[in-house]
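This report refers to the structure that appears directly beneath it.
Letters go in sequence order (proteins before strands), and every chain restarts at 1. The structure presented is a predicted model; accordingly, all values stated were derived computationally and were not measured.
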Number of protein chains: 2
Amino acid sequence: MRKRATAKEVAEAAGVSKWTVIRAFKPGASITDEAKRKIMEAAEKLNYSPNLLARSLSTNVTHQVAVLVDDFANPQKLPFLESLTERLQAEGLVAMLININNHFDHVHALLNADQRLVDAIILLGTAFRDETLNDRRLGPGMPPMFVLARDSQIEGVPAVVCDSEVGLRDIVDHLHERGYRRPGFMTGASALSTALKRRHHFAEFWRQKGVDHIVDISAERYSHEDGAESARRYLQETPASERVDVLMCENDILAIGAMETARSEFGLRVPDDIAVVGFDNYELGGTPAFGLTTYEQPCREMVDLIVEMITGKREGETISLPGKLVVRSST
Amino acid sequence: MRKRATAKEVAEAAGVSKWTVIRAFKPGASITDEAKRKIMEAAEKLNYSPNLLARSLSTNVTHQVAVLVDDFANPQKLPFLESLTERLQAEGLVAMLININNHFDHVHALLNADQRLVDAIILLGTAFRDETLNDRRLGPGMPPMFVLARDSQIEGVPAVVCDSEVGLRDIVDHLHERGYRRPGFMTGASALSTALKRRHHFAEFWRQKGVDHIVDISAERYSHEDGAESARRYLQETPASERVDVLMCENDILAIGAMETARSEFGLRVPDDIAVVGFDNYELGGTPAFGLTTYEQPCREMVDLIVEMITGKREGETISLPGKLVVRSST
DNA sequence: TTGTAAGCGTTATCAA
DNA sequence: TTGATAACGCTTACAA
C-alpha cells in the first residue's frame, strides 16, 4: 500500500504545526509568506498534497457528481459526456460515470452515489422510470438530482432538455413545405415519456396542417440495427403505394438504420421515394452518404445550464432550449 | 445540507453500541441474528447506510478508479466505456471519468486522481506523452496505472492492446490476395507511438510481399472531417494514374471520411477505383452505405483483462490480444 | 458476541 | 498569525 505524506509530517519537517500547513494550502488563509515558503518547500520534498477524502469527510462536500447513463449505443452520449466532464472539471468537480443498463439496479446505483456523498446526481438521457424514485429504499436525504437531455416530469427534479415542441414544429413546417403529406414516426422505446411527447407533438403539428394520420413504427432500442429492422418490417408489409412519403425517426441512429434499409434492401431513393428525418445531429449523419436532415440539440448550452444549477449559480428549474433544424439531402 | 444518519444514531435507536452496528453491515462479522435484526430495523427506519467516504479514509481503499480520456471524437470510446464501467461495477468499483483534452493539464489530472486516493488509474486510449509520467510533480506514490487500448512502452505500466502486428498482417494478406499493390496509409496523429507502430507493421508486411513503397497521408486528428480533408488534399494533388489503389486508415472514422470524399467529391468507386480499410470495427462502418473492411478489437476481452489486473486477480503485464479481420465491400 | 480506545487526515472554532 | 481542541464517521485491534 502506497503511503502519502500527511500535513502533520510536513509540519514537523517545516517546524510548524499541522494547522499552519493546512492554511498554507488554503487559498485565502492568513499566513506569513515566510511560513508558507518553508511549508511549500517541505511539502514538495515530501511530495505532499492534501488528502481530498479526509477533506470531504470534514466538509461534507466531495466535489464529485454521479452521472448515470443507461444507453451507450447512442453516439450522442459522447459529446454530452465530453462537454459535461469539461464543464464540471472547470468548476473543480469530477464525474463518476455510472452504468445503469439492464445489468444494474437503478435504485442501487442511486444509493451507492448517496453513500459516496456525491454533491449531485445527473441522469444523462436515461430511460428512467418515474417509479424508481418512489422506491422506499430511497430516503429523503438523497443528493440533489438533475435530468439532462431527457424530459422529467418528476416533481422537484429539474431537467434541461431540447425543446421537442419547437423542434418538431420546425421539422413539420419544413416537411410540409417540401410537399410531404404521408408522415410516419419511428419511436425507439415508445413507453418512455420523451418518445410519447415527441410523437404527440409531431402528430399535433401535422393535424394543424390538415394531416390527421400518422403511421407508427416502433423499434426495440435506439440502435441502427433496430431502426433497420423495424423499417424492414414496415416496408415489407406495406405496398409501395401506401407507404409513408416521409419517415421521422426519434433519433439519428434509428434514421440511419431505416434509411440504409430503404435504400439497400428495397432500392428506394431518398428522399424521392421516401424522405427520412432524424433527431440529434449526430456527426456522421452529415456525411454525404447519409445527408440526414435532423434537429440539433444545443448540447453545450444544455450542459452549461445543468452545471450552473449544480454549482448553485442558477436556480434549479426545468428548462427547454430550442435547437436548430439542419436540412440536408434526405428531405 | 442534507444529513445522513450515522452508525452511532442507529446504535442508540437499536440499543447497542455503534461498533455492533458496524458489524451488522460487515459481511462475515460475528453478531447474533437478534442484534442484527434489531439493527437493520433501526437502520431502515433512520434510512441509514454506511458512509463510504469515512470507510475509505480508514481503510485507504476507495473502490474508485480514474479513467482518463482525451479523445471523445472516436465513437469507439463508447463501447469501451460501457464495458469498462460494467466490469468495474461488477467488481464493486466505480469509474471517475476524467477528461484530459487540450484544456486540461495531464499531470494535474493524475495528481487529482491521486489526491482522491483512487485505487487505480486507467488511460483509455489516450495520446499520452511518455514524458508526462516523468514530470517531477509526480511522486513515487502514485496509484497503479494501466493503459487500455493503446500501446505503452512506459516502464512498469501494463497495457492491454489489440495486437497491431497480427492485425496488420491479416489486413495486408487480405489486401494482397485481393490484388492491391499500391497501398497508402493514413495516420491520425503520426507523432504517437501507436500510429508509428501500425504504420511500421503495415510497411513491413508489404515489404515482405515485395511492395516497398507506402504512400503516407496524415490527418490532424481522428475525426471524419480530418479524414475527409486529408483524403481531399491527396486526391487533388495526385493524378488518377498515380494514386494508391488501397488506403488503409488508422481508424474507422478516418476511413469513413476518406471514403466519402473519394466517392462524393471525386466520383471514385469503392473499391474499384480505390479500396478503403479502417480499424476498430465501429458500428456504423458496417452499414451498407460504407461496408467498411476493418479490424475488430476484442473490446470485452481487453476490458476483462484490465479489470482483472486492477483487482489483483492477475499479474499486471502488457498483453496484446489478436482481433478479427472483418471483410466487407470496401475492399 | 460485544464494548472500548485509538486512529485515519482533514476542517471549524476558539484561544493565545 | 499561530496553536490547540473537538469533530467528521468509520475501522482495527484488543479487552471484556
Side-chain angles (χ1 to χ4, degrees), chain A residues 1-40 42-43 46-64 92 112 114-119 141, chain B residues 1-40 42-43 46-64 111-112 114-119 141:
Chain A
M1 174 53 61
R2 65 185 193 280
K3 168 81 180 119
R4 292 170 48 87
T6 70
K8 192 175 162 192
E9 289 164 2
V10 174
E12 282 161 12
V16 296
S17 74
K18 67 172 179 175
W19 296 278
T20 311
V21 174
I22 301 289
R23 287 190 190 96
F25 281 87
K26 189 171 172 178
S30 57
I31 185 175
T32 47
D33 289 351
E34 170 60 10
K36 183 157 183 175
R37 193 192 52 73
K38 272 196 316 193
I39 289 170
M40 286 310 184
L46 294 174
N47 217 280
Y48 167 82
S49 63
N51 180 328
L52 263 30
L53 222 55
R55 175 176 294 175
S56 293
L57 185 61
S58 264
T59 58
N60 221 12
V61 174
T62 55
H63 298 287
Q64 298 213 150
N112 193 265
D114 179 38
Q115 287 188 260
R116 295 197 131 95
L117 301 202
V118 297
D119 295 347
Chain B
M1 177 52 59
R2 65 186 193 280
K3 169 81 179 118
R4 290 170 50 84
T6 71
K8 191 175 164 192
E9 290 164 1
V10 174
E12 283 162 9
V16 296
S17 75
K18 70 172 179 174
W19 295 277
T20 312
V21 173
I22 301 288
R23 288 191 188 94
F25 280 87
K26 190 171 171 176
S30 57
I31 186 174
T32 48
D33 289 352
E34 169 61 11
K36 184 158 184 175
R37 193 192 52 71
K38 271 196 317 194
I39 289 170
M40 287 309 183
L46 293 174
N47 218 278
Y48 167 83
S49 63
N51 179 329
L52 263 29
L53 220 55
R55 174 177 295 176
S56 294
L57 185 61
S58 270
T59 60
N60 222 12
V61 174
T62 54
H63 298 287
Q64 298 213 151
L111 284 175
N112 193 264
D114 179 39
Q115 291 191 66
R116 296 198 131 96
L117 301 202
V118 296
D119 295 347

Q) Arg116(B) and Asn112(B): side-chain donor and acceptor closer than 3.5 Å? A)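 The criterion, which ignores hydrogens and geometry beyond distance, is satisfied for Asn112(B) and Arg116(B).
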
(Q) Checking the side chain of Arg4(A) only, and the main-chain atoms of Ser49(A) only, is there a donor and an acceptor separated by less than 3.5 Å? (A)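 Judged by distance alone, yes, a pair lies under 3.5 Å.
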
Q. Can you tell me if Glu9(B) uses its side chain to pair, donor with acceptor, with the backbone of Thr6(B) under 3.5 Å?
A.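 The answer is yes, because a donor-acceptor pair under 3.5 Å joins these two groups.
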
Q: Quick one: pull up CG in Asp119(B) and CG in Asn60(B) and give me the separation to the nearest 0.5 Å.
A: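 Going from CG on Asp119(B) over to CG on Asn60(B), the span is 9.0 Å.
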
Q: Give the B/S/- string for nucleotides 7-16 of chain C, one per nucleotide from 5' to 3', where a protein heavy atom under 4.0 Å of the base yields B, of only the sugar-phosphate yields S, and otherwise -.
A: BBBBBB----

Q) Any side-chain heavy-atom pair from Ser56(B) and His63(B) closer than 4.5 angstrom? A)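 Side chain of Ser56(B) against side chain of His63(B), heavy atoms only: no contact under 4.5 Å found.
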
Q.
Within the 4.0 Å heavy-atom criterion, would you say Ser30(A) contacts the bases, only the backbone, or no part of the nucleic acid?
A.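 Base contact.
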
Q | Nearest-Å distance for atom pair CD/C1', residues Glu12(A) and dT2(D) | A |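 From Glu12(A) CD to dT2(D) C1': 17 Å.
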
